Chemist: 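Before I ask anything, here is the structure I am working with.
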Amino acid sequence: MSHRSKLLGAASAVVFGLVSLTAASAQPLDGFSGMLQGDYANINSSRGGPDANVYGVSGSGLFPLGWSGLNFQGDVGYHDYVTSGQNVDNFNFAGDLFWRMPQGLVGGTVGYDTLNHPDTDITHYGGFGEYYTGPITFAAKGGGFSGDDHGYYLGGKVQGYATPDFALSGSVDYYKFNRFSNFHETDYTAQGEWLVSETMPVSVIGGYTYSDLPAGHTSTVFAGLRFYINPVQGDTLVDRQRNGSLDWSKSFSPTDIAF
């Protein structure tokens with residue numbers, strides 16, 4: 001199957017999943033918000049292996065539950081890791097429950113990743129929080145994972161807004177894998193996002209991740225497009241991120257599980 005056919009099929013699955021979630025929700029339509037994303041990344045390894053090109057699509061749907069800021073979010077995604085020797089298909093699904101307050105949020109997530117070549121299934125679970133102070137967002141997360149590999153993860157992020165429609169962030173994610181006594185991964189990421197249009201809310205994302213591994217490192221350059229679905233009072237990137245779907249706080253994405 002061609003990469004184009006895989007991505008079109010995965011994109012259709014993402015959209016279908018979000019539509020199904022919307023239909024199942026008891027909330028009125030104006031209570032739903034979401035995000036769709038298409039992205040590309042190039043991973044370069046110092047460990048002697050081939051470079052990888054990664055093509056992906058993902059989506060999320062957020063539903064207010066009507067109990068003092070309680071919300072549920074469903075997530076679905078697909079990424080195709082392409083090297084000269086193999087293809088790795090990665091499907092992921094997650095559910096997030098969190099309380100949103102004027103100055104931040106706190107919640108938990110449970111997710112599932114399945115990969116082929118070799119077949120790998122991992123369930124991850126954890127908690128997260130965000131705190132807003134003026135144009136700065138502080139975020140933290142942590143949890144564990146089990147299945148064909150097991151361990152724990154921790155992360156921290158700081159994000160600032162140069163303008164209401166342009167965000168810059170830095171984050172650190174640490175993953176400890178227990179399959180080997182000393183195997184771990186630390187990801188250092190710098191990212192920017194620019195909301196191109198407030199009326200048709202499409203943004204451009206781009207950034208760089210340096211992954212420190214026991215036997216070397218990988219460098220990842222990535223870019224993508226996001227489409228926000230947010231019935232919020234404001235139309236800026238700040239409004240859409242602080243009142244819409246979660247992104248980094250609920251994510252689980254170690255490079256090592258697929259590359």
Side-chain angles (χ1 to χ4, degrees), residues 1-14 36-60 75-94 111-124 145 147-151 153 155 157 169-177 179-180 182-193 204-226 247-248 250-259:
M1 182 183 294
S2 69
H3 305 318
R4 181 180 178 184
S5 297
K6 284 184 177 181
L7 285 174
L8 286 174
S12 299
V14 168
L36 296 172
Q37 176 174 314
D39 51 70
Y40 165 79
N42 177 263
I43 304 176
N44 180 271
S45 175
S46 71
R47 296 182 292 178
D51 292 355
N53 292 303
V54 187
Y55 307 87
V57 290
S58 58
S60 61
D75 311 292
V76 59
Y78 166 79
H79 285 83
D80 183 20
Y81 291 73
V82 183
T83 69
S84 59
Q86 66 181 24
N87 279 52
V88 178
D89 296 316
N90 178 5
F91 287 92
N92 62 276
F93 311 90
Y112 174 75
D113 281 66
T114 180
L115 301 91
N116 67 332
H117 202 81
D119 291 340
T120 304
D121 297 291
I122 292 177
T123 300
H124 56 90
F145 56 94
D148 291 323
D149 207 335
H150 62 283
Y153 67 93
K157 177 180 177 179
S169 66
S171 61
V172 179
D173 294 87
Y174 176 81
Y175 303 92
K176 178 65 172 71
F177 299 86
R179 59 183 173 181
F180 302 114
N182 192 37
F183 197 88
H184 55 85
E185 173 183 335
T186 306
D187 297 340
Y188 305 90
T189 301
Q191 179 175 306
E193 180 174 357
V204 178
I205 61 172
Y208 171 78
T209 297
Y210 178 91
S211 299
D212 186 22
L213 302 162
H217 68 270
T218 62
S219 297
T220 303
V221 178
F222 59 90
L225 291 175
R226 285 178 175 169
D247 180 24
W248 176 88
K250 52 77 183 177
S251 66
F252 175 84
S253 54
T255 301
D256 182 70
I257 65 170
F259 185 71

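In what follows, every heavy atom counts, from backbone to side chain, and hydrogens, waters and symmetry copies are set aside. Just so you know, these numbers come straight off a predicted model, no measurement behind them.
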Chemist: Return yes if some donor-acceptor pair links the side-chain N/O of Y175 with the main-chain N/O of S253 below 3.5 Å, else return no.
Modeler: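 Checking the backbone N and O of S253 against the side chain of Y175, a donor-acceptor pair under 3.5 Å is found.
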Chemist: Using every non-hydrogen atom in the two residues, find where N116 and D119 come nearest and quote the distance to one decimal.
Modeler: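 Answer, listing the atom of N116 first, then D119: CA-OD1, 3.5 Å.
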Chemist: Could you tell me the separation between the CG atom of L213 and the CZ atom of F183, rounded to the nearest 0.5 Å?
Modeler: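 CZ of F183 is found 5.5 Å from CG of L213.
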Chemist: Taking the side chain as C-beta and beyond, is there a heavy-atom pair between Y210 and H217 under 4.5 Å?
Modeler: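 Yes, at least one pair of side-chain atoms sits under 4.5 Å.
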Chemist: Salt bridge check: are D173 and K157 linked by an N-O gap of less than 4.0 Å?
Modeler: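 Looking at K157 together with D173, the answer is no, because their closest N to O distance does not fall below 4.0 Å.
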Chemist: I'd like to check P254 versus F177 (side-chain heavy atoms, cut-off strictly below 4.5 Å). Are they in contact?
Modeler: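 Yes, their side chains come closer than 4.5 Å.
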Chemist: Just verifying a value: how many Å separate S171 OG and Y188 OH, rounded to the nearest 0.5 Å?
Modeler: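 One finds 11.5 Å between OG of S171 and OH of Y188.
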Chemist: Backbone N or O of D212 within a donor-acceptor pair of the E185 side chain at under 3.5 Å?
Modeler: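 Flag not set: sc E185 to bb D212 has no pair under 3.5 Å.
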Chemist: Begin from the C-alpha positions of N44 and D51 and carry the test side chain to side chain donor-acceptor pair (under 3.5 Å) through to its verdict.
Modeler: CA-CA 5 Å; N44 180 271; D51 292 355; 2.9 Å; yes
Chemist: Might you work through the side chain to side chain contact (heavy atoms under 4.5 Å, CB included) test for T186 and V172, ending with a clear yes or no?
Modeler: CA-CA 7 Å; T186 306; V172 179; 4.0 Å; yes
Chemist: Test side chain to side chain contact (heavy atoms under 4.5 Å, CB included) on H124 and D113 and set out the steps.
Modeler: CA-CA 8 Å; H124 56 90; D113 281 66; 3.4 Å; yes
Chemist: Kindly compute the distance separating CG (D148) from OG1 (T123), expressed to the nearest 0.5 Å.
Modeler: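 So the CG of D148 and the OG1 of T123 are separated by 9.5 Å.
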Chemist: Ignoring hydrogens and geometry beyond distance, is a side-chain donor-acceptor pair present between N53 and N42 at under 3.5 Å?
Modeler: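 Yes, because at least one side-chain N or O of N53 sits under 3.5 Å from a partner of the opposite role on N42.
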Chemist: What pair of heavy atoms forms the shortest contact from A52 to T83, and how long is it?
Modeler: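 Looks like CB-CG2, 3.7 Å.
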Chemist: Does any non-hydrogen side-chain atom of Y174 lie less than 4.5 Å from one of H184?
Modeler: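 Side chain of H184 against side chain of Y174, heavy atoms only: contact under 4.5 Å found.
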Chemist: Among all residues two or more places apart in sequence or in another chain, which pass the salt bridge (charged side-chain N to carboxylate O under 4.0 Å, His left out) test with D39?
Modeler: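 Here no residue qualifies.
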Chemist: Verify side chain to side chain donor-acceptor pair (under 3.5 Å) between N90 and Y78, making sure each step is shown before the conclusion.
Modeler: CA-CA 6 Å; N90 178 5; Y78 166 79; over 6 Å; no
Chemist: Is there side-chain contact between L36 and R226, with heavy atoms separated by less than 4.5 Å?
Modeler: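 L36 does not reach R226 side chain to side chain.
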Chemist: Is there a donor in the side chain of Y112 and an acceptor in the side chain of D121, or the other way round, less than 3.5 Å apart?
Modeler: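 Result is yes, a qualifying pair exists.
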Chemist: So do the side chains of V82 and V54 get within less than 4.5 Å of each other, counting heavy atoms only?
Modeler: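 When only atoms from C-beta onward are counted, V54 and V82 do not touch, as no gap falls below 4.5 Å.
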Chemist: Using every non-hydrogen atom in the two residues, find where F222 and A190 come nearest and quote the distance to one decimal.
Modeler: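 Here F222 and A190 meet closest at CZ-O, 4.3 Å.
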Chemist: Hey, mind stepping through D187 and T209 against side chain to side chain donor-acceptor pair (under 3.5 Å) and telling me if it holds?
Modeler: CA-CA 6 Å; D187 297 340; T209 297; over 6 Å; no
Chemist: Kindly indicate, with the supporting measurements, whether the criterion side chain to side chain donor-acceptor pair (under 3.5 Å) is fulfilled by T189 and Y208.
Modeler: CA-CA 6 Å; T189 301; Y208 171 78; over 6 Å; no
Chemist: Looking at residues at least two apart in the chain, or sitting in another chain, which of them share a ring-ring contact (aromatic ring centres under 6.0 Å, His included) with Y153?
Modeler: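 Applying ring-ring contact (aromatic ring centres under 6.0 Å, His included) to Y153 gives F252.
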Chemist: Determine whether I205 and L225 make a side-chain contact, defined as any pair of heavy atoms from C-beta on separated by less than 4.5 Å.
Modeler: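 Sidechains of L225 and I205: no contact.
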Chemist: In terms of relative ring orientation, are H79 and Y81 parallel, tilted or perpendicular, with 30° and 60° separating the classes?
Modeler: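 Aromatic pair H79/Y81 classed tilted.
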